[in-house]
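Computed from a prediction, not measured in an experiment: that's the story for all the values here. Numbers restart at 1 for each chain; the letters A, B, ... are given by sequence-line order, proteins then strands.
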Amino acid sequence: MHVREFEVKDFSLKHTFESAQPITFCGDYDERTNSLVYTEGVHIINVMHRQAHARGRRSRIAVASKDIGYAERHFKERFRISDNLDKIYSEIDTDKFMHESIAKYRGMRLTVNDPWETTALFIISQFNNVKRIRLIAKNIIERFGTPIRDDMDNVIAKSFPTSAEIARADRADLFACGTGFRDKYLKEAAEFCTYNIDLDSLKSKGYPEIKESLMEISGVGDKVADCIALMGYGKTEACPIDVWMKRILENVYFKGRKQNISKLHEFAERRWGRYAGYAQQYLFWSGRGSLVGRAKR
DNA sequence: ACCCAGGCGGGCG
DNA sequence: CGCCCGCATGGG
């Protein structure tokens, strides 16, 4: 196990982990020590965030892993550390509600996750809640995940199963993980992603083409495709509109009047452009907690 | 008990 | 096309 430390600017591990992204469903975060453990293929990556003095925008990250070079590289990519949040904030800070959302969750970043893992998780997310998505994800990792072994050949962790591993699974066993009626979607999506489409090859394509291809997958519609484009492929112009975003946009920008989804997509694109996905993440997470929601969680 | 959750596919008009 | 409905399950 090797450790490496480096400085980051405008980053909050806590807000990023908690904001219902794939890392939220598969990683393990300890609020007391402000640290995170997650797996990536055969790698186990430990992250500790040492918060700087109050209001300091610079802070330190310590990453620990067996392959420390990979871990540092991967951490910076997954948490979009090279994004200049000052610049992004200045482009999306168009109104009071957004301004307050940014102030509340400053340092929250989008994440870039494995495309298949993102696809599977957001198929599971439909008509579901964050807590249960996490429970189901953990069950699937435990039951079908790829074992990670130490030098003594002991299994010390498991990473999210590949599409081939899910494609081989019995639907009944997927159902037993708590997927409910989504078992069929997950199984069909796994088969499609193993035999009929190469998710990794889409990385070189643009947002519209990626979204169109993703929507060929069973269980992937408009909203889930945008989530995958945003959090699986890093297309920050993608703006997923779920029940919360719909309510928030209608309440904050349309005086509570109902709007259809395509209208809301147009609105977000016109207003926030290439960073509509970032705008969405701040509105979703702050609005969910305050505006409409009755402070659940 | 009742309502809702990071929606989607299928069927109908 | 657009709209409406059912859907597993568990927590508030």
Exercise. Can you check whether A:Arg134 has a side-chain N or O nearer than 4.0 Å to OP1 or OP2 of C:dG11?
Worked result: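 No, because none of the side-chain N or O atoms of A:Arg134 sits under 4.0 Å from OP1 or OP2 of C:dG11.
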
Exercise. Is the NZ or CZ atom of A:Lys76 both under 6.0 Å from the centre of the six-membered ring of A:Phe6 and within 45° of that ring's axis?
Worked result: yes

Exercise. Restricting to pairs with a member in residues 135-148 of chain A, which pass side-chain hydrogen bond (donor to acceptor under 3.5 Å, both in side chains), not counting sequence neighbours?
Worked result: A:Asp28-A:Lys138, A:Arg143-A:Asp173, A:Thr146-A:Glu165

Exercise. With under 30° as parallel and over 60° as perpendicular, where do the rings of A:Tyr253 and A:Trp272 fit, or are they tilted in between?
Worked result: perpendicular

Roughly how many Å apart are [M] and [N], using the [atom1] atom of each and rounding to a whole number?
| N | M | atom1 | value |
| --- | --- | --- | --- |
| B:dA1 | C:dG10 | P | 15 Å |
| C:dA8 | B:dG10 | P | 14 Å |
| C:dC7 | B:dC3 | C1' | 15 Å |

Exercise. Under a 4.0 Å N-O cut-off, is there an ion pair linking A:Glu250 with A:Lys246?
Worked result: yes

Exercise. Is the shortest distance from a Lys or Arg side-chain nitrogen in A:Arg274 or A:Glu237 to a carboxylate oxygen in the other one below 4.0 Å?
Worked result: no

Problem set entry | Pairing partner of B:dG6 (Watson-Crick or G-U wobble, both distances under 3.5 Å) |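 By the stated definition (distances under 3.5 Å), nothing pairs with B:dG6.
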
In whole angstroms, how far is the [atom2] atom of [N] from the [atom1] atom of [X]?
| X | N | atom1 | atom2 | answer |
| --- | --- | --- | --- | --- |
| A:Lys263 | C:dC3 | NZ | P | 14 Å |
| A:Arg247 | B:dC3 | CZ | P | 15 Å |
| A:Asn139 | C:dT9 | CG | C1' | 12 Å |
| A:Arg182 | C:dT9 | CZ | C1' | 8 Å |

Exercise. Base, backbone or nothing for each nucleotide of nucleotides 6-13 of chain B, written B, S, -, heavy atoms under 4.0 angstrom, 5' to 3'?
Worked result: BBSS----

Exercise. A:Leu110, A:Ile210: one ILVMFWY side-chain cluster at the under-4.5 Å cut-off?
Worked result: yes

